[in-house]
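In each ligand, atom 1 is the first atom listed, and ligand 1 is the first ligand listed. Owing to the predicted nature of the structure, the values given are computational and were not obtained by experimental measurement.
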Amino acid sequence: MAGIDYSPSLDAGDATSLRKRILGLETLLELSRSLVSVQEARRLDGLILLTVMGLLSVSRAILLAKEVNEDGFRIYARGIREKDAKEHMDLRPSGVFARRLKASTGLSGIRGDGLPERESSTIQFLKDQKFTHATPIRAKGRLVGILLLGARIDSKDMNAFDEEMLASILDLSGLVMDNVQLYEDLRQANETLEDSNVRLQELDSMKNEFLANVGHELRTPLTCVIGFAQCLAYPDVTEDMRQEFADNIVRQSEKLSDLIDQMLDLTDLMNKSSTALPEKANLNDLIHEVTEGFQRDFKEKEVYLDLRLSPSMTETMFDAPRTSRVLRNLLDNAIKFSEKKGRVEISTTISEDGVTFSVRDHGIGIAKSEIDHIFESFRQVDGSETRTHGGAGIGLSLAKRIVEMQSGTISVASEPGKGSVFTVTLPKVPKGSETAIA
Ligand code: ADP
């Protein structure tokens, strides 16, 4: 800021008055040139405060700049410790002080009475510090800041020229502060955009991973179906073999159809295009029904099923077909992640909170860092273990959505190497249909 004279204002007299005017205008010009390039709020204080103090021979000044998107001011001070100002000042752009300021210049014009406690003590602090002027800074009619000025070094009142200079500086400052706010808005929007971008990239790579997994999940049973169908055509196939091949074909086709059903279900739930259909059912019966369908899986992996079902279980209201899907997914994982000859326990309880079932295995378990993510769609724990076990990464996400659509909860506790337990609780009567069951 070349050319700023910090000496007290000169007395009137044609030559000095003219010199002062030229100096003032030069400074204003200089200020306007410098301000145009300011994009950061913290650079404003130096420019505005020092210019005002230099031009008007003021010993101390405070600039309150409105925070972007918040009802607060950032405080900049010169000639008084910024720390003190921050400690003692508590003004808000929407506060009574700011509103009264619009109708008045000069702190003396602002009555302290009726101001909220924190605002009147702020005014008292300013008066103690010999601040005499408080002027709003506006841009496009909006309050963007407040300039507070202390007493002049020469103790003289401002003359018309001083007032004019001050008004010009405030106009300019308003414009620049508004620009800085816009710039800040833009920067924040950019940051949000960058965050969304990162999230989009994550989603994109999850989508690719999902497609690769699904491709694999579809291809494996399909290859079996084709392979066994071809085997059926061999002339020397015995009746037993034929039966076995046909069984395999049916089983693998069912797997395919199950995966496709799950994908369609998940899409429906994601689009919120379907709702729960609660019906009277007994959770224990459902468990018997589902585990019956898994007999072959238990047998093949020699996993022992331990059923611990509550003898006091009664009929409650829940979406049985969908809850069956949840149980099947949990059971499928429990067997998949168990060691050969492992043990899987299914237990049920009934209480005031609702009906609960849990599926416990003693398999590989889940790392702490992964637990929060396993319910996300298409999410699989990284590493060779998971790849060995396959899966499309939609089972748990679908289970969670089904449980939550019935106002229930699903949770997991797990320890790597020791196993996992998934627990589902459903209300006895779904929300909104409390009278549906007697
Ligand atoms: P997937 O079809 O791949 O099994 P899920 O949504 O059912 O998808 O499970 C997501 C991931 O959570 C699995 O890939 C696995 O890493 C982990 N997981 C789920 N259940 C268990 C379990 N019982 N034991 C260990 N890991 C599990």
**OP:** Examine distances only and state if a side-chain atom of S257 and a backbone atom of S253 form a donor-acceptor pair shorter than 3.5 Å.
**Re:** no

**OP:** Report yes or no: does a heavy atom of F422 sit under 4.0 Å from some atom of ligand 1?
**Re:** yes

Subject >> I374 N/O under 3.5 Å from ligand 1 N/O >> reply: no

Subject >> Aromatic ring pairing H88/F125, orientation class (parallel under 30°, perpendicular over 60°, tilted between) >> reply: parallel

Subject >> Nitrogen or oxygen of D361 less than 3.5 angstrom from that of ligand 1 >> reply: yes

Original post:
Are any of the side-chain heavy atoms of D332 and F294 separated by less than 4.5 Å?
Top reply: yes

**OP:** Measure the distances from the heavy atoms of K336 to every atom of ligand 1 and state whether one is below 4.0 angstrom.
**Re:** yes

**OP:** Look at atom CD of Q295 and say whether more than 12 heavy atoms of other residues, nucleotides or ligands are closer to it than 6.0 Å.
**Re:** yes

Subject >> E82, CD atom: more than 12 neighbouring heavy atoms under 6.0 Å >> reply: yes

**OP:** List every atom of ligand 1 that sits less than 4.0 Å from any heavy atom of I366, numbering the atoms from 1 in the order shown and giving each element.
**Re:** 25 (C), 26 (N), 27 (C)

**OP:** Tell me, please: is N329 in heavy-atom contact with ligand 1, that is, under 4.0 Å?
**Re:** no

**OP:** Salt-bridge test for R296 and E302: reply yes if a basic N is under 4.0 Å from a carboxylate O, no otherwise.
**Re:** no

**OP:** Using non-hydrogen atoms of the residue, decide whether G363 is closer than 4.0 angstrom to ligand 1.
**Re:** no

